[in-house]
Amino acid sequence: MLKKSMLYLFITILFIGLLSGCAQSSNEGEGEGDGNGGEAKTVKIGYFPNLTHIATIVALEKGYFEEAFGKDVKIETKTVANGGLFMEAMATKAIDVGTVGPGPLLNFYVKNKEYHLISGAVNGGAVLVASEGSGVEKLEDLDGKKVAIPVIGSTQDVMLRKALKDADLKAKTSGGTVDLFAAAPADTASLFIQKQVDAAATQEPWGYVLENQANGKLLLDWDEFAWGKESTNTVVAARADFLKNKELAKQYIDAHKKAVKFIQDNPEESKEVVMKHLKDLTGKELNKEEVDAAFSRLAVTTAVNEDVIQEMADISKEAGYIPSSDIKGLIDLSLVK
């Protein structure tokens, strides 16, 4: 009797074990996200809540990403305040793909080849403005002056260094006389009014704000600053592991291209789309005049001037931001063509 009871117990334990194994196998299959009944893939899109990221904003608002990816792909978005934070988020896989300035992107690429530039987004969109009473009338007058930039190593930092170089000037950190001062663009108007800086290299709409709310004087307009109309302000960046999924990568770029074309063909509607998006996101309504001025100082495009990107890398190396200016492999525009 005891032997029979032990046999029943053994059979019961074996049966439970088999059921458990089947359940575990089923759960493992469900989490793979392979499109065959598994959970949906997730694409994490990053961007800044400002006008130079208009292509990403329009693609989100018009549903172009949803349309391109299809119902089996979940879209998550993350907004950041500057390029350094964007790249840090990309490094920790909080962002797969999105728009960022080329400066922070190439700075990270030199140290880690896992990041790539896959399309242009916006050229221009940045200006150099002098503060009232600074005595700065032309670029050469920045000798011995303090100039605000958004972030050390930012695209505007690199553009300013290019402009200074063309005027035979250098930043103090490179043995020159011009003091570069990092400050959030939204704080620059206060710095102008308080006479704490003599000029600012900044993106729109902050250039317009400095001119109209802080009595700033436009020193170099967007088509004169650094590389002029070829100055790359914003690009599409993606992690290498995201690009391995060629279908998802192509779908992203198709949506991005569609947004760029929409903006080019419908500038007024695009402004309204961006203004609504930023108000919903930040709770603050943009001034229509500021938006109009900003749009007049940028060009939305998928094109990338690779010579400009290389010179940006050379300038970043001279500034000590990166150990090498070798960016071979950074740019891959095959999906745009």
Side-chain angles (χ1 to χ4, degrees), residues 48-52 80-86 101 103-104 107 124-222 224-226 231 233 278 282-284 286-287 289-291 293-294 297-298 312 315-316 318-321:
F48 300 9
N50 68 40
L51 294 169
T52 54
V80 294
N82 61 61
L85 293 175
F86 180 99
N107 288 349
V127 294
L128 184 60
V129 183
S131 63
E132 185 179 32
S134 64
V136 176
E137 299 292 333
K138 57 186 183 300
L139 193 58
E140 289 76 11
D141 294 336
L142 290 177
D143 186 8
K145 302 294 187 178
K146 180 184 284 189
V147 185
I149 54 173
V151 179
I152 298 296
S154 64
T155 301
Q156 286 73 39
D157 175 352
V158 174
M159 291 176 69
L160 176 60
R161 289 173 182 270
K162 159 67 174 172
L164 293 176
K165 187 176 182 179
D166 291 343
D168 293 323
L169 295 173
K170 289 183 181 179
K172 280 186 177 181
T173 53
S174 297
T177 59
V178 183
D179 185 12
L180 273 54
F181 179 76
D187 297 333
T188 312
S190 296
L191 295 175
F192 267 41
I193 293 168
Q194 296 165 8
K195 303 189 183 304
Q196 293 185 20
V197 295
D198 301 297
T202 191
Q203 64 266 50
E204 291 297 348
W206 304 112
Y208 178 86
V209 170
L210 292 177
E211 289 180 82
N212 291 275
Q213 297 181 20
N215 295 321
K217 177 183 177 181
L218 186 64
L219 203 59
L220 293 177
D221 207 342
W222 76 282
E224 304 169 312
F225 190 22
S231 294
N233 184 299
L278 295 180
T282 67
K284 298 178 182 178
L286 291 179
N287 181 295
E289 291 182 1
E290 292 176 8
V291 174
R297 288 175 170 173
L298 58 80
M312 283 184 167
I315 291 171
S316 292
E318 290 171 8
Y321 297 151

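Below, all heavy atoms of this structure are taken into account, side chains as well, without hydrogens, waters or symmetry copies. Computed from a prediction, not measured in an experiment: that's the story for all the values here. In this chain, residues are counted from 1 in sequence order.
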Hey, what do you get for [atom1] ([X]) to [atom2] ([Y]), rounding to the nearest 0.5 Å?
X: L139; Y: E224; atom1: CG; atom2: CD; value: 10.5 Å
X: I152; Y: T173; atom1: CD1; atom2: OG1; value: 7.0 Å
X: S231; Y: L298; atom1: OG; atom2: CG; value: 12.5 Å
X: D221; Y: L128; atom1: CG; atom2: CG; value: 10.5 Å
X: S174; Y: L169; atom1: OG; atom2: CG; value: 12.0 Å

Exercise for the section: May I have all residue pairs that pass side chain to side chain donor-acceptor pair (under 3.5 Å) and include part of residues 176-189, sequence neighbours excluded? Expected result: D143-T177
Problem - For Y321, ring-ring contact (aromatic ring centres under 6.0 Å, His included) partners two or more places apart - result: none
Handout entry: salt bridge (charged side-chain N to carboxylate O under 4.0 Å, His left out) contacts in which one or both residues fall within residues 191-205, not counting sequence neighbours
Key = E204-R297
Which residues share a salt bridge (Lys or Arg N to Asp or Glu O under 4.0 Å) with [X], sequence neighbours left out:
X: K284; result: none
X: K172; result: none
X: E140; result: none
X: K165; result: E318

Please check: side-chain N/O of [X] versus main-chain N/O of [Y], any donor-acceptor pairing under 3.5 Å?
X: N82; Y: L85; value: yes
X: T282; Y: L278; value: yes
X: S131; Y: V197; value: yes
X: S316; Y: M312; value: yes

Taking the side chain as every heavy atom from C-beta outward, state whether [X] and [Y] have any atom pair closer than 4.5 Å.
X: F192; Y: V129; value: yes
X: V127; Y: L218; value: yes
X: V151; Y: D157; value: no
X: V178; Y: V147; value: yes

Handout entry: Side-chain ion pair, D141 and K145, N-O less than 4.0 Å
Key = no
Using the side chain to side chain contact (heavy atoms under 4.5 Å, CB included) criterion, which residues pair with [X]? Sequence neighbours excluded.
X: P205; result: L51, E290, A294
X: A189; result: V209, L210, A214
X: A126; result: Q156, M159, F225, N233
X: Q196; result: L191, Q194

Exercise for the section: Please name all residues satisfying side-chain hydrogen bond (donor to acceptor under 3.5 Å, both in side chains) with S190, sequence neighbours left out, ordered by chain then number. Expected result: none
Practice task
Provide the closest heavy-atom pair for G103 versus T155 in the form atom of the first, atom of the second, distance.
Solution key: N-OG1, 3.3 Å
Completion exercise
Between G125 and W222, the two heavy atoms sitting closest are N-CB, 4.1 Å
Handout entry: Flag for Q213-Y208: side-chain donor and acceptor within less than 3.5 Å
Key = no
Exercise for the section: Please assess I193 against E132 for the test side chain to side chain contact (heavy atoms under 4.5 Å, CB included), listing each intermediate value before the final yes or no. Expected result: CA-CA 8 Å; I193 293 168; E132 185 179 32; over 6 Å; no
Exercise for the section: State whether the number of non-hydrogen atoms from other residues, nucleotides or ligands found under 6.0 Å of K162 atom NZ is greater than 12. Expected result: yes
